[in-house]
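Have a look at the structure below, then the notes.
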Protein chains: 2
Amino acid sequence: MAKRINKKYEAILEAAIQIFAKYGYHRAQVSKIAKEAGVADGTIYLYFENKEDLLISIFREKIGHFVQKAQRNLKSVSDAKQKLFHIIALHLRYLETNPALAVVVQMEVRQSDPQVRKEIGELMQAYLTLIEHVMEQGKLSGEFRENLDTRLARKMIFGTLDDLVTSWVLHQQKYSLQALSKPVYQMFVNGITSEKGGEA
Amino acid sequence: MAKRINKKYEAILEAAIQIFAKYGYHRAQVSKIAKEAGVADGTIYLYFENKEDLLISIFREKIGHFVQKAQRNLKSVSDAKQKLFHIIALHLRYLETNPALAVVVQMEVRQSDPQVRKEIGELMQAYLTLIEHVMEQGKLSGEFRENLDTRLARKMIFGTLDDLVTSWVLHQQKYSLQALSKPVYQMFVNGITSEKGGEA
DNA sequence: TTCGTTACTGAATGGTGATTCATTTTCTAT
DNA sequence: ATAGAAAATGAATCACCATTCAGTAACGAA
């Protein structure tokens, strides 16, 4: 219950990521997580309310960490296009570097029950807002179209990154994810058309 | 076991869609599905192997149906851009018209069990291929950039639609999904930039 | 009507695994 | 050292629910 931030807490959380990634949330027994973490089954309940709390905590810790990192990183960049490129690159790099986390994030969120999904959605919000802000900045600076629907653009960007990572996970991480940053960025910026004008 | 296509089979499948949508796969008891379908628990096992088979069957029947519909629809259109627009519109319309199916498709695809995932992935493949073919056609006809990575473009399109539908589902279907077809299409075609040139 | 076949029923079974808690170990302060 | 508190243990519990199957009903051919 008491969420003491200490070695054991960390160990259990890391073990949970590994085991959730390997077996999926529903097939991951708490006893397996305990074994992986090198603690007794009951110990987990000293640090987490229940199995669900374990999943939510992964998001709280890791997404929180990532968003902070991204915010810090973007401070050193001024124009919106560069910021967009950084977001794409960071997103892909972070998950490529943490494959087990990627599996959990991509695969396990959606099959949890509505309450858990809601909580995770709220944790995600900070990141989505970050992307939207960049879109807005780009509109104001004239880098992006002034009639751009920023929310739609954000969904497009997030949806694309999400699908890229899911594919990569399902293909057992056989290719470089980060390498896609540039082409993806270009596609957002320029669209798929050859010339200039796509009609309505 | 014997998959007789008849009234009861259909009733159980429809009930499963409703119950999976309402509770999520793991919280949906087989007995609830039976009740919703107006049959005894055991009857389900005369038509489906097990609970998993129920989920896979939903995909087999419904995705199969959708892809056929899309293929038929696209025959009447010649240029790639128009085809792309049709795919977007059909995708959004189909799921908006079948909200419970949308919930199941969006939320339960990423089943943790590898076997189920594999089977669903294969069923999805026909659709993904369809999108990629349109991209290729567009490249050949000169409508799309000749250096376009068609697989990447496909992932972008599918990822975006996927995220749009998921948002819509999580927001309890409060707004029109189909209405997004046009702006989404425009964004793919033209990108988000105001002018012409996004640099590298 | 009768008999055989096919379809259906739903209570009982059995495996599973999250969670609890009485007990033991480790830690801390005096 | 030692007592008392805090942390950790892990075997036992027990709720849960997919699946089975012995029994019943419906059907249809003769």
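Values in this document were obtained by computation on a predicted structure and should not be read as measured data. In the text below, chain A, chain B and the rest are named by the order of the sequence lines, each starting its count at 1.
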Inset, instruction - Indicate whether any N or O donor in one side chain lies under 3.5 Å from an N or O acceptor in the other, for B/Tyr9 and B/Glu61. - result: yes

Inset, instruction - Flag the pair B/Leu180 / B/Trp168 as yes when at least one side-chain heavy-atom distance between them is below 4.5 Å, and no otherwise. - result: no

Inset, instruction - Decide yes or no for A/Asn190 and B/Asn190: does some side-chain heavy atom of the first lie under 4.5 Å from some side-chain heavy atom of the second? - result: no

Inset, instruction - In whole angstrom, give the distance that lies between atom CG of A/Asn6 and atom C1' of C/dC27. - result: 14 Å

Legend entry - Length of the CD-C1' vector between B/Glu52 and D/dT19, whole Å: 14 Å

Legend entry - Residues in side-chain contact (heavy atoms from CB on, under 4.5 Å) contact with A/Lys51, at least two apart in sequence or another chain: A/Phe20, A/Tyr25, A/Val30

Legend entry - Residue pair A/Leu130 / A/Leu74, side-chain heavy-atom distance below 4.5 Å: yes

Inset, instruction - Would you tell me if any nitrogen or oxygen in the side chain of B/Tyr47 comes within less than 4.0 Å of OP1 or OP2 on C/dA7? - result: no

Can you give me the N/O atom pairs linking the protein to nucleotides 11-16 of chain C at distances under 3.5 Å, or say none if there are none?
none

Inset, instruction - Enumerate the residues from residues 30-40 of chain A whose closest heavy atom to DNA chain C is under 4.0 Å, giving them by residue number; use none for an empty result. - result: A/Val30

Inset, instruction - Using whole Å, report how far CD1 of B/Ile44 lies from P of D/dA18. - result: 10 Å

Legend entry - Interatomic distance, A/His26 NE2 vs D/dA18 C1' [rounded to whole Å]: 15 Å

Legend entry - Donor-acceptor pair between B/Ser141 and B/Glu143 side chains, under 3.5 angstrom: yes

Legend entry - From C/dT19, C/dT9, D/dT9, nucleotide with atom closest to A/Asn50 side chain: C/dT19

Legend entry - Residues that B/Leu101 engages under side-chain contact (heavy atoms from CB on, under 4.5 Å), provided they are two or more places apart: B/Ile17, B/Ile58, B/Lys62, B/Tyr94, B/Asn98, B/Val105

Legend entry - Interatomic distance, A/Leu46 CG vs C/dC21 P [rounded to whole Å]: 13 Å

Inset, instruction - Starting from P on C/dG17, measure out to OH on A/Tyr23 and report it in whole angstrom. - result: 12 Å

Inset, instruction - Return the value, rounded to whole Å, for the distance between atom OH of B/Tyr45 and atom C1' of C/dA7. - result: 18 Å

Legend entry - Any side-chain donor near an acceptor of the partner, A/Gln29 and A/Ser31, under 3.5 Å: no

Legend entry - Inter- and intrachain pairs under side chain to side chain donor-acceptor pair (under 3.5 Å), touching residues 125-134 of chain B, at least two apart: B/His91-B/Tyr127, B/Glu132-B/Arg154

Inset, instruction - Say whether A/Phe158 and A/Leu152 are linked into one hydrophobic cluster, either directly or through other cluster members, by side-chain heavy-atom distances under 4.5 angstrom. - result: yes

Legend entry - Given D/dA18, C/dA18, D/dA8, the nucleotide with the shortest approach to the side chain of B/Lys51: D/dA18

Inset, instruction - Can you measure from CD1 (B/Ile33) to OH (B/Tyr23) and round to the nearest 0.5 angstrom? - result: 11.0 Å

Legend entry - Separation of D/dA15 C1' from B/Arg27 CZ (nearest whole Å): 14 Å

Inset, instruction - Please list residues of residues 13-22 of chain A whose heavy atoms come under 4.0 Å from any atom in DNA chain D, ordered by number; otherwise none. - result: none

